[in-house]
Peer 1: 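Please see the structure below; I have some questions.
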Amino acid sequence: METHVLIMVFLLGTSLDFSLQLPNLANLPIVYTLFEGTQEQFPFNSQELTCQNVTSRYKVNFINVDPTTNCQNCFNVWADTASAQQPNYFLRYVPSASRLDYNAENTYKITLTCEDSVAEGVDQIVEVRIIPNIQPTFSTPSFDSVTVPSTNLFAGTNVYEIIATDSENDPIEYALETVPTSSNFDIRANGQIYTVNGFQGICTGQNSYEFKVRVKDPYNEFTDPISVTLDLQFPNLPSIGNANRDVTVPENSVQNIHTFTGVSGTISILNVQPSIMRNKVTLFGGNILRVDEVFNFEEFNTANVTLLVKSGECEARYWLMVRVQEMNDLPVLTPAKVSAAVPEGIITYNPGFKVEDEDFSDMVTYTIQRAISGTRDITRDFTINQEGIIISNFDFDLDSRGSEVELITFTVRATDKRGGFDESEVILRVENINDNPPVITTASIINDVLMDCDPPQRIATVAATDLDPGTSPNGQFQFKGSGAGNLRVTPDGAVFLDTPVTADTTYSYTIFAEDLGNPQLTSAKPITITVIGQACTTIFVPPTTIPAVVVTVPAVTVDTGSGAGAGAGAGAAAGVSASASSTSLLDDPTNLIWIIFLGLLGLLLLGLLAWLLWRFCFPRCCPGCYGKDSSALARNTGGNDGCCNRCCGKSNPTVGPREPEHYPEGKVKDFWQEHYQELDYDNTTHRSHVPTSGLHEDGYLNPR
Ligand SMILES: *[C@@H]1O[C@H](CO)[C@@H](O)[C@H](O)[C@H]1NC(C)=O
Ligand SMILES: *[C@@H]1O[C@H](CO)[C@@H](O)[C@H](O)[C@H]1NC(C)=O
């Protein structure tokens, strides 16, 4: 063991000796300093690397650096070429990608060797010590604040100066961040914060900025920022004391809307929303907003007026919301006046009203305020429906009202939901129309028995009425007839027999009345006249002593009528128009009783007369006694000459026989002569005419 130690000591000693003899760096120890963050390459000129114990020309070799933190190849040995014989060697710093950082590594050991033509010396070390660089520092206190009137800030005006110093007098670089971000601020190289554009004419906006400023020197990163606050004082803006609010304006009126007060500046209208409302408002007297053109609620019901108030450079905007209040727009009823003619009856008249009402979905109700006819108020006689059609409540019959025409003046009112109304005048001329046919008032059937020897004559008169006024054609009428050709009715109702009848022929003639209106109306129920022709033969009827019950020659024996009865018979005998009283004779029961009683009495007397005739006169009476005039009228008025007055019978004063002095011609004479064979009838006064049948006599002769 000791041997080994000795050997090692020997070797070490040997080597030491040897090394001393090898080239080696002179001037050791060598320590360099280097500022951290140095960014340029440079040789450490302060200490040249020289080798000693060299036999010849030498060189210095760079072996390595330790550690290599932030320093990959950041040192090498650089030889200047000043001397061709022997270059001078220097340690050289070459910045690498990563910067040196004192805090990361403050000492680097660089291993070098010296080498000559003989040998290379052993590794030797020089040191590089890192010197930290001191950051610049702020003299300005942090969180300082400054207040500046905006009007003082022109373009380029300094706002605030940041002061920083660097103990190493390194150049200082400033960086500015503005919160909120604004391009209107910047910082100069000397730390002056200034406004780029200034604040002239800007009267409102962000009025507080925070400036965050950092500094650096070439060897350091930017520092943490300091903060300075700028408070901008904007000028007082022009204003309106009572704007930015709603005002309500009734539609349909031109009026002042709003008077602005507390105004600092000059007001103008900038715009109106919606723009269609723009020309409806004006500014009047500088501070009064006015409706210049009426608002229509149904069109637009708001107008937001934007106002500009200006003072010097500054201006401000205000608004006024005008809300249009809906007023009831009155309905307008057209036509305002209308007149028309309508026929009588149920009146329905549509004046064709149109209503204009600007209110949305407003409706009107029609009413008749007044309906005046002459001086009469007949409002209640009419109604008006919701289509505006005027309707009479009943059949407005002029005929029953006794007027031919009526002029009715209506005042029609259309009232909307809120009571607004308009009125129109409607004048209706109610005119008569031909609404009534004539009605024949004469009994419906007339029977007449005529002899074939009766001459043409007037046999009846018919009458009718018409409810329409007789002053108009609607109420005027005429008669027309049809049927037997020998009968004729005149327009005014006289019925004539134009040619004599033929025996045993029944003539039927239908008469109707027709008015002159348009359209023409014809009586619903015509009248039928029936005439029965008879030969001019005689019928034996014994005379009676009853006054007025006189034998009728020629007597009516046929009654074709259905209801005329005795009256019809009387009419036939009389040869004139039927009379209403004739039918009423039998209607009275008292009359009937009397007739029956008298009839029975008559029969009794007739029997007695027959017996007397048979006993005294009959054999002597003259046959063939017949007058020339056989007409009914002639019979009534009678000829004077009887024919049988000479027939026996002085006992009967009426029909008793009398001796005739001569034989007068004619029917009367023949009658008496034939029936009573009175040859002396000429001298009897009562036989101056043929007896006429009495009313009751018919009942007797033709009992029903
Ligand atoms: C080596 O150099 C040193 C100093 O330069 C000197 O003292 C020494 O004698 C030299 N040795 C040789 C062998 O030259
Ligand atoms: C009126 O318009 C302005 C803008 O011009 C607006 O700010 C304001 O809110 C509007 N008013 C109403 C009530 O809408």
Peer 1: List the atom of Leu333, the atom of Asp422, and the distance in Å for their closest heavy-atom pair.
Peer 2: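 Heavy-atom minimum between the residues: N-OD2, 2.7 Å.
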Peer 1: Under 3.5 Å, is there a donor on one side chain and an acceptor on the other for Ser275 and Gln273?
Peer 2: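 No, no side-chain donor-acceptor pair sits under 3.5 Å.
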Peer 1: For Asn252 and Asp329, run side-chain hydrogen bond (donor to acceptor under 3.5 Å, both in side chains): C-alpha distance rounded to whole Å, both residues' side-chain angles, the deciding distance at 0.1 Å, then the answer.
Peer 2: CA-CA 8 Å; Asn252 301 339; Asp329 294 306; 2.7 Å; yes
Peer 1: Answer whether the closest heavy-atom distance between the side chains of Asn27 and Thr50 falls below 4.5 Å.
Peer 2: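 Asn27 reaches Thr50 side chain to side chain.
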Peer 1: Taking CZ in Phe138 as the centre, count heavy atoms belonging to other residues, nucleotides or ligands within less than 6.0 Å. Is the count above 12?
Peer 2: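 Counting neighbours around CZ of Phe138, more than 12 heavy atoms of other residues, nucleotides or ligands fall under 6.0 Å, so yes.
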Peer 1: How about Lys59: does its NZ atom have over 12 heavy atoms from other parts shown lying under 6.0 Å from it?
Peer 2: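 Atom NZ in Lys59 is not crowded, with 12 or fewer foreign heavy atoms closer than 6.0 Å.
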Peer 1: Measure up the Tyr58 and Tyr89 rings against each other and bin them: parallel (under 30°), tilted (30 to 60°), perpendicular (over 60°).
Peer 2: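 Ring orientation, 0 to 90° scale: tilted.
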Peer 1: Before accepting this row, confirm whether a basic side-chain N of the pair Glu315/Arg317 lies closer than 4.0 Å to the acidic partner's carboxylate O.
Peer 2: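 Salt bridge absent between Glu315 and Arg317.
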Peer 1: Any chance you could lay out the side-chain hydrogen bond (donor to acceptor under 3.5 Å, both in side chains) test for Gln52 and Asn24, step after step, and finish with the verdict?
Peer 2: CA-CA 5 Å; Gln52 60 189 7; Asn24 59 76; 2.6 Å; yes
Peer 1: May I ask you to check whether Asp101 and Asn70 show a side-chain donor-acceptor distance below 3.5 Å?
Peer 2: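 No, Asn70 and Asp101 have no side-chain donor paired with an acceptor closer than 3.5 Å.
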Peer 1: Can you see whether Gln233 engages Asn207 through a side-chain donor-acceptor pair at a distance of less than 3.5 angstrom?
Peer 2: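 On atom types as modelled, these side chains do not qualify, holding no pair under 3.5 Å.
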Peer 1: Are any non-hydrogen side-chain atoms of Ile391 and Ile384 less than 4.5 angstrom apart?
Peer 2: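 A side-chain contact under 4.5 Å is absent here.
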Peer 1: Could you check whether any side-chain heavy atom of Ile257 comes within less than 4.5 Å of a side-chain heavy atom of Val281, counting everything from C-beta outward?
Peer 2: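 In contact.
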Peer 1: If you round to the nearest 0.5 Å, how far is CD of Glu313 from CG of Leu237?
Peer 2: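 Between Leu237 CG and Glu313 CD, I get 12.5 Å after rounding to 0.5 Å.
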Peer 1: Without swapping roles, check the side chain of Thr223 against the backbone of Val215 for a donor-acceptor pair under 3.5 Å.
Peer 2: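 Yes, the answer is positive, given that a donor and an acceptor are paired below the 3.5 Å cut-off.
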Peer 1: Check Val338 against Pro335 and note the closest heavy-atom contact, atom names and distance.
Peer 2: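 Closest approach of Val338 to Pro335, heavy atoms only: CB-CG, 4.0 Å.
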Peer 1: Do we see a donor-acceptor contact under 3.5 Å between the side chains of Thr113 and Asp123?
Peer 2: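 No, no side-chain donor-acceptor pair sits under 3.5 Å.
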Peer 1: Decide ring-ring contact (aromatic ring centres under 6.0 Å, His included) for Phe42 and Phe44; before the verdict, give the C-alpha distance in whole Å, the side-chain angles of both, and the deciding distance to 0.1 Å.
Peer 2: CA-CA 6 Å; Phe42 70 95; Phe44 289 94; 4.9 Å; yes
Peer 1: Quick one: does any side-chain atom of Glu168 pair with a main-chain N or O of Ile134 as donor and acceptor, under 3.5 Å?
Peer 2: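 Flag set: sc Glu168 to bb Ile134 pair under 3.5 Å.
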Peer 1: Name all residues meeting the ring-ring contact (aromatic ring centres under 6.0 Å, His included) criterion together with Tyr349; count only those two or more places apart in sequence or in a different chain, and write none if there are none.
Peer 2: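 In terms of ring-ring contact (aromatic ring centres under 6.0 Å, His included), with neighbours along the sequence ignored, Tyr349 is linked to no residue.
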Peer 1: Apply side chain to side chain contact (heavy atoms under 4.5 Å, CB included) to residues Arg99 and Glu36 and explain how you reach the verdict.
Peer 2: CA-CA 8 Å; Arg99 299 165 62 120; Glu36 68 174 341; over 6 Å; no
Peer 1: Would you indicate whether Ile276, at its atom CD1, is surrounded by more than 12 heavy atoms from other residues, nucleotides or ligands within a distance under 6.0 Å?
Peer 2: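 No, the 6.0 Å shell around CD1 holds no more than 12 heavy atoms from other groups.
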Peer 1: I need the full list of side chain to side chain donor-acceptor pair (under 3.5 Å) pairs touching residues 141-164, with sequence neighbours left out, sorted by first then second residue.
Peer 2: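 Output for this query lists Asp144-Tyr160, Asn158-Arg188, Asn158-Gln192, Glu161-Gln192.
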Peer 1: Rounded to the nearest 0.5 Å, how far does CE of Met277 lie from CD of Glu293?
Peer 2: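 Rounded to the nearest 0.5 Å, the CD-CE separation comes to 9.5 Å.
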Peer 1: Do we see a donor-acceptor contact under 3.5 Å between the side chains of Ser227 and Glu210?
Peer 2: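 Note: Ser227 and Glu210 side chains meet the donor-acceptor criterion.
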Peer 1: Between Asn242 and Thr261, does a side-chain hydrogen bond (donor to acceptor under 3.5 Å, both in side chains) hold up when you go through it step by step?
Peer 2: CA-CA 6 Å; Asn242 58 348; Thr261 57; 3.3 Å; yes
Peer 1: Between CG of Leu289 and CG of Leu320, what distance do you get to the nearest 0.5 Å?
Peer 2: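 The CG atom of Leu289 sits 6.0 Å away from the CG atom of Leu320.
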Peer 1: By salt bridge (Lys or Arg N to Asp or Glu O under 4.0 Å), which residues pair with Glu326, not counting sequence neighbours?
Peer 2: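 In terms of salt bridge (Lys or Arg N to Asp or Glu O under 4.0 Å), with neighbours along the sequence ignored, Glu326 is linked to Arg418.
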Peer 1: Using the ring centroid of each side chain, check whether Phe353 and Tyr366 are separated by less than 6.0 Å.
Peer 2: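 Yes, the ring of Phe353 comes within the 6.0 Å limit of the ring of Tyr366, centre to centre.
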Peer 1: Does Tyr174 form a side chain to side chain contact (heavy atoms under 4.5 Å, CB included) with Val213? I'd like the steps, not just the answer.
Peer 2: CA-CA 7 Å; Tyr174 293 86; Val213 179; 4.1 Å; yes
Peer 1: Is the centre of the Phe211 ring less than 6.0 Å from the centre of the Phe185 ring?
Peer 2: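 Here the rings of Phe185 and Phe211 have centres that are less than 6.0 Å from each other.
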Peer 1: Under the side chain to side chain contact (heavy atoms under 4.5 Å, CB included) rule, what do Leu232 and Leu153 come out as? Steps first, then yes or no, please.
Peer 2: CA-CA 9 Å; Leu232 271 180; Leu153 298 180; 3.1 Å; yes
Peer 1: Please tell me whether Asn133 and Asp170 have a donor and an acceptor in their side chains that are separated by less than 3.5 angstrom.
Peer 2: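 Side chains of Asn133 and Asp170: pair found under 3.5 Å.
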Peer 1: For residues Leu91 and Val128, determine if any side-chain heavy atom of one lies less than 4.5 Å from a side-chain heavy atom of the other.
Peer 2: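 Yes, their side chains come closer than 4.5 Å.
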Peer 1: Could you verify whether a donor N or O on one side chain and an acceptor N or O on the other, from Asn169 and Asp166, lie under 3.5 Å apart?
Peer 2: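 Their side chains do not contain a donor-acceptor pair, so the 3.5 Å distance test is not met.
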Peer 1: Kindly write out the residues that satisfy side-chain hydrogen bond (donor to acceptor under 3.5 Å, both in side chains) with Ser139, not counting sequence neighbours, or none if the list is empty.
Peer 2: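 So Ser139 forms no side-chain hydrogen bond (donor to acceptor under 3.5 Å, both in side chains) with any residue.
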Peer 1: For the backbone of Ile427 and the side chain of Thr409, can you confirm whether one donor and one acceptor N or O come within less than 3.5 Å of each other?
Peer 2: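 Between the backbone of Ile427 and the side chain of Thr409 there is no qualifying donor-acceptor contact (under 3.5 Å).
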Peer 1: For Thr334 and Ala336, indicate whether the former's side chain and the latter's backbone hold a donor-acceptor pair under 3.5 Å.
Peer 2: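 No, Thr334 side chain to Ala336 backbone: no donor-acceptor pair under 3.5 Å.
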Peer 1: Okay, side chain of Arg57, backbone of Ser117: is any donor-acceptor separation there less than 3.5 Å?
Peer 2: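 Here the side-chain-to-backbone pair does not exist.
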Peer 1: Using modelled atom types and a 3.5 Å cut-off, is there a donor and acceptor pairing between side-chain atoms of Thr367 and backbone atoms of Gln369?
Peer 2: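 The answer is no, because no donor-acceptor pair under 3.5 Å joins these two groups.
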Peer 1: Run Phe62 and Phe75 through ring-ring contact (aromatic ring centres under 6.0 Å, His included) and show every step you take.
Peer 2: CA-CA 9 Å; Phe62 175 85; Phe75 296 107; 7.9 Å; no
Peer 1: Is there a donor-acceptor contact under 3.5 Å linking the side chains of Asn64 and Thr111?
Peer 2: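 The criterion, which ignores hydrogens and geometry beyond distance, is satisfied for Thr111 and Asn64.
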Peer 1: Side-chain contact, heavy-atom cut-off 4.5 Å: Tyr318 with Val309?
Peer 2: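 In short, these two side chains touch, coming nearer than 4.5 Å.
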Peer 1: Do the non-hydrogen side-chain atoms of Ile125 and Ile110 ever get within less than 4.5 Å of each other?
Peer 2: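 Answer no - side chains too far apart.
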Peer 1: Is the backbone N or O of Thr55 less than 3.5 Å from a side-chain atom of Asp116, with the two atoms forming a donor-acceptor pair by type?
Peer 2: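 Flag set: sc Asp116 to bb Thr55 pair under 3.5 Å.
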Peer 1: Show, in sequence, the C-alpha distance, side-chain angles and deciding distance for Leu49 and Leu112, and conclude whether the side chain to side chain contact (heavy atoms under 4.5 Å, CB included) test is met.
Peer 2: CA-CA 10 Å; Leu49 294 172; Leu112 306 168; 3.7 Å; yes
Peer 1: Parallel, tilted or perpendicular for Phe260 and His258, by the 30°/60° rule?
Peer 2: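 Perpendicular: the ring planes of Phe260 and His258 meet at over 60°.
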Peer 1: With sequence neighbours excluded, tell me which residues meet salt bridge (Lys or Arg N to Asp or Glu O under 4.0 Å) with Glu423.
Peer 2: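 With sequence neighbours excluded, Glu423 shows a salt bridge (Lys or Arg N to Asp or Glu O under 4.0 Å) to Arg413, given in chain and number order.
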Peer 1: Among pairs that include at least one residue of residues 230-254, which meet salt bridge (Lys or Arg N to Asp or Glu O under 4.0 Å), considering only residues two or more places apart or in two chains?
Peer 2: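 Every pair satisfying salt bridge (Lys or Arg N to Asp or Glu O under 4.0 Å) with a residue in residues 230-254: Asp246-Arg323.
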Peer 1: Side-chain contact test, heavy atoms from C-beta onward, threshold under 4.5 Å: evaluate it for Arg129 versus Asn106 and give yes or no.
Peer 2: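 The answer is no, as the side chains (C-beta and beyond) never meet within the 4.5 Å cut-off.
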Peer 1: Any heavy-atom pair between the side chains of Pro218 and Pro171 that's under 4.5 Å?
Peer 2: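 In short, these two side chains touch, coming nearer than 4.5 Å.
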